[in-house]
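Residue numbers begin at 1 in each chain, while the letters A, B, ... track the order of the sequences.
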2 protein chains.
Amino acid sequence: MSDATRKGTGRAQPSMSDVAKLAGVAIGTVSNTLNSPEKVTEATRRRVMAAIAELGFVRNDAARSLAAGTSTTVGLVVADLGNSFFVDIARGAEATVRQHGMNLLIANSDVDLAKQSNNLAVFEQARVAGVLLAPLDTPFVEVSARLTSNTPLVLVNYESRRKLYSGVVVDERRGGFLAARHVLDLGRRRLLFVGGPLSLRAVAERYEGAQRAVADVADATLDLVETHGQNIRHGKQAARELVARSNPIAIDGIVAASDLLAIGVIQVFDELADFDVPGDVAIVGYDNNHFASESNVPVSTVSQPGEEMGRLAAELLCEEIAGTAARDKQTVVLQPHLLPRRSSLGDAWRRD
Amino acid sequence: MSDATRKGTGRAQPSMSDVAKLAGVAIGTVSNTLNSPEKVTEATRRRVMAAIAELGFVRNDAARSLAAGTSTTVGLVVADLGNSFFVDIARGAEATVRQHGMNLLIANSDVDLAKQSNNLAVFEQARVAGVLLAPLDTPFVEVSARLTSNTPLVLVNYESRRKLYSGVVVDERRGGFLAARHVLDLGRRRLLFVGGPLSLRAVAERYEGAQRAVADVADATLDLVETHGQNIRHGKQAARELVARSNPIAIDGIVAASDLLAIGVIQVFDELADFDVPGDVAIVGYDNNHFASESNVPVSTVSQPGEEMGRLAAELLCEEIAGTAARDKQTVVLQPHLLPRRSSLGDAWRRD
DNA sequence: GTAACAATTTGAAGCGCTTCATGAATGTCG
DNA sequence: CGACATTCATGAAGCGCTTCAAATTGTTAC
């Protein structure tokens with residue numbers, strides 16, 4: 001690399017020894033004023049800071065963490081940034097990580113297993129202090145294959161079967177249960193679960209929860225329309241399918257695996273104008289989607305504590321990094337909350 | 001740090017010299033099989049790879065980039081991950097960066113200027129190959145203050161006034177113009193712009209564009225309702241305010257600064273049931289919000305090419321990193337596109 | 001004036017890697 | 001068969017930092 005082309009501008013980054021030279025001190029002193037200012041006289045501290053400012057010195061963190069053997073960044077590998085649930089997790093994780101004086105860097109797997117493991121590899125190679133993994137809802141192959149390394153790793157929204165990692169999850173069954181029981185409490189008896197595919201763990205567990213709630217009530221039934229995804233589009237399809245089955249439809253309560261599904265269903269019902277929500281059919285969604293609360297018929301929902309999950313997971317990770325973590329890996333289970341709105345309560349619901 | 005507490009497990013990461021020892025080769029050979037396999041015999045390559053696998057060796061990237069003086073990661077500092085526009089940018093940037101054999105790490109500024117500059121600092125200290133910055137819509141102070149460093153930096157969705165950095169922006173005026181002209185083309189003459197605050201550059205420019213379109217038509221007028229933000233809530237407020245001004249309202253076309261605003265307006269109009277959209281009032285939003293296309297009345301919108309912006313910005317950055325960039329900084333201006341849907345076309349619009 | 005001690009400062013060692021001059025081994029050709 | 005390439009492998013130097021034992025300076029007590 002010729003001197004002229006180096007780094008585009010040709011001006012090389014000044015190093016710590018440049019700073020030391022300019023300030024007329026030893027290199028160790030520069031390091032000290034940066035890392036343990038209390039070990040340095042006020043006078044020399046000022047001289048060093050002046051030199052740093054004059055040269056525009058920026059500490060080389062690669063060298064720092066190589067020499068110190070510790071890093072101050074934490075990596076977060078996230079299944080899908082397009083999903084606001086994961087953005088909430090990121091936000092929570094960042095807050096906690098920051099409190100511990102570290103930084104959070106995010107890598108998006110974009111619903112692609114290969115990218116996910118590549119992202120894990122990137123963080124490991126960078127020797128980050130630790131990694132938070134909010135993985136794809138798929139078998140755990142990739143993460144287990146990762147056991148070669150010993151970077152601390154905490155899972156978010158995924159439970160390590162073999163207790164290899166700590167993690168934070170939310171009780172999906174409970175969420176499904178809450179949603180269904182709410183509808184049942186409103187006196188509805190012929191329920192329907194909309195969501196899918198059931199091969200997704202989260203969906204399956206929500207469905208199970210709903211089944212349990214229905215089983216508790218003697219004359220209640222739970223039907224199922226399995227979808228190919230959780231978007232508005234899928235909700236609309238499901239609603240049309242439902243109407244095609246029998247019109248008027250034979251149900252009076254719907255538990256949807258996502259708010260978007262619920263919205264899709266409501267929209268179709270609105271169009272048909274035959275079904276009143278919640279008069280004829282009470283509907284509960286899932287996720288506390290930002291839009292859902294603002295939509296035409298505010299959707300009752302089950303709220304996932306995304307930020308809290310991020311915070312807790314980061315807390316667990318920081319413990320592992322500090323070495324203060326318990327020997328045994330633990331999985332914290334957070335409880336979802338029901339947020340009843342108009343799509344189930346009707347006019348009884350007051351916007352606050 | 002005692003041996004027992006080190007790294008939690010106590011098992012230290014193996015180094016390249018461990019691999020070299022096990023494979024019975026020199027350390028330089030290990031480096032070569034990793035970085036330039038063609039310089040190494042097939043036989044030794046295999047021996048080395050076997051040793052790597054056996055030890056579970058993971059290359060220390062901090063040491064690598066320190067020694068090599070180059071990094072293989074690119075940083076993206078993003079104003080707000082909660083906004084899907086920025087997620088699109090991230091997705092585009094990642095695709096391009098990956099094509100160049102590098103990795104993309106994301107840091108979220110979360111609409112906080114202090115975090116933004118901290119994030120920039122983190123990436124600089126990490127000596128990433130380059131940084132993409134999708135900044136907050138605020139004065140350029142922080143980024144200029146950053147001039148001390150010489151990490152390549154490309155802006156996304158922001159134009160460097162002093163041409164200090166290359167960048168990719170979208171022509172917001174054009175977007176506003178397209179939206180307004182579309183409504184005018186439908187024969188509407190009494191238009192209203194909803195959005196705000198106008199101190200946001202993007203909003204102001206969209207408004208200007210709309211004004212220009214209206215100025216082109218002799219008898220057309222453009223009214224303004226300034227909002228405090230671009231959410232559904234603000235749209236509802238604006239609509240109520242409008243109705244309060246005069247009922248029936250004196251306008252027949254609305255250009256909104258976001259799809260969410262448009263949805264809010266439509267929802268209020270729906271409730272009142274007095275105004276038909278688009279019969280009485282044609283509405284165009286902005287952003288091609290995922291949600292907007294699926295809503296009850298699919299919202300006509302102006303689409304921002306987020307992914308393309310990310311791709312292009314990453315392309316520019318890679319050029320700067322490679323040193324093949326033109327001397328002068330350039331700002332690429334991308335054009336937004338109009339996507340007419342039912343909220344303006346009515347039944348003439350067919351879902352595809 | 002000096003010994004004893006604390007407070008600062010110093011600078012060499014080394015973190016794990018890439019690089020590259022050097023050497024060894026093998027092949028080629030007149 | 002010797003001279004010369006060519007191909008591989010070697011290992012020391014050094015990237016910019018942290019650390020820490022040792023040197024230096026300042027302070028207090030006697």
Side-chain angles (χ1 to χ4, degrees), chain A residues 1-2 6-7 12-48 51-52 55-73 124-129 149 151, chain B residues 1-2 6-7 12-48 51-52 55-73 124-129 149 151:
Chain A
M1 174 161 53
S2 92
R6 151 155 43 125
K7 274 283 183 182
Q13 290 278 6
S15 76
M16 240 181 194
S17 69
D18 294 328
V19 174
K21 216 166 293 169
L22 181 62
V25 298
I27 188 172
T29 303
V30 178
S31 178
N32 277 337
T33 92
L34 251 34
N35 300 319
S36 354
E38 77 280 1
K39 289 187 184 169
V40 164
T41 313
E42 174 63 16
T44 63
R45 199 190 66 79
R46 264 209 279 274
R47 279 222 311 289
V48 171
I52 286 177
L55 293 174
F57 166 76
V58 175
R59 191 234 250 89
N60 184 329
D61 205 60
R64 198 204 70 79
S65 68
L66 174 58
T70 59
S71 166
T72 173
T73 53
E124 276 174 13
Q125 292 182 192
R127 293 293 193 278
V128 295
S149 155
T151 307
Chain B
M1 173 162 51
S2 91
R6 149 157 39 125
K7 274 284 183 181
Q13 290 277 6
S15 76
M16 238 180 194
S17 68
D18 294 328
V19 174
K21 216 165 293 168
L22 181 62
V25 298
I27 188 172
T29 302
V30 177
S31 178
N32 277 337
T33 91
L34 250 35
N35 301 318
S36 355
E38 76 281 1
K39 289 185 185 170
V40 164
T41 312
E42 174 64 14
T44 64
R45 198 189 66 80
R46 262 209 281 273
R47 277 219 313 289
V48 171
I52 287 178
L55 293 174
F57 167 76
V58 175
R59 193 233 253 86
N60 184 327
D61 206 59
R64 200 204 69 78
S65 68
L66 174 58
T70 58
S71 165
T72 173
T73 53
E124 275 175 13
Q125 291 183 192
R127 294 291 194 279
V128 294
S149 153
T151 308

Find the distance A:Leu66:CG to C:dG16:P and express it as a whole number of Å.
-> 7 Å

Tell me what B:Thr29 touches on the nucleic acid: a base, only sugar-phosphate, or nothing, going by heavy atoms under 4.0 Å.
-> base

Upstream residue (5' side of DNA chain D) when A:Asp61 and B:Arg45 are each assigned their closest nucleotide = B:Arg45

Can a side chain N or O of A:Ser17 be found less than 4.0 Å away from OP1 or OP2 on D:dC17?
-> no

Selected nucleotide, minimal atom distance to A:Ala26 side chain, candidates C:dT10, D:dG11, C:dG16 | C:dT10

Nearest 0.5 Å, what's the OG1-CG distance between A:Thr73 and A:Asp61?
-> 7.0 Å

Look up atom CG in B:Leu66 and atom OG in B:Ser71, then write down how far apart they are to the nearest 0.5 Å.
-> 11.5 Å

At what distance, to the nearest 0.5 angstrom, does CE of B:Met16 lie from CG of B:Leu34?
-> 5.0 Å

Between N or O atoms, less than 3.5 Å apart, protein on one side and nucleotides 21-26 of chain D on the other: list the pairs.
none

Rounded to the nearest angstrom, tell me the gap between atom CD in A:Glu42 and atom C1' in C:dT9.
-> 16 Å

Just report the end-to-end axis angle for the helix from C:dG1-D:dC30 to C:dG30-D:dC1, five pairs per end, to 10 degrees.
-> 50°

Within the sub-3.5 Å range, which N or O atoms of nucleotides 18-20 of chain C have a protein N or O partner, and how far apart are they?
from   : atom 1 : to      : atom 2 : distance (Å)
C:dT18 : OP1    : B:Asn35 : ND2    : 2.9
C:dT18 : OP1    : B:Arg59 : NE     : 3.3
C:dT18 : OP2    : B:Ser31 : OG     : 2.7

Go through B:Val25 and B:Arg47 one step at a time and tell me if the side chain to side chain contact (heavy atoms under 4.5 Å, CB included) criterion holds.
-> CA-CA 9 Å; B:Val25 298; B:Arg47 277 219 313 289; 3.5 Å; yes

Working for side chain to side chain contact (heavy atoms under 4.5 Å, CB included), residues A:Arg127 and B:Gln13 = CA-CA 10 Å; A:Arg127 293 293 193 278; B:Gln13 290 277 6; 4.0 Å; yes

Mark yes or no for whether A:Arg46, through its side chain, and A:Thr41, through its backbone, hold a donor-acceptor pair below 3.5 Å.
-> no

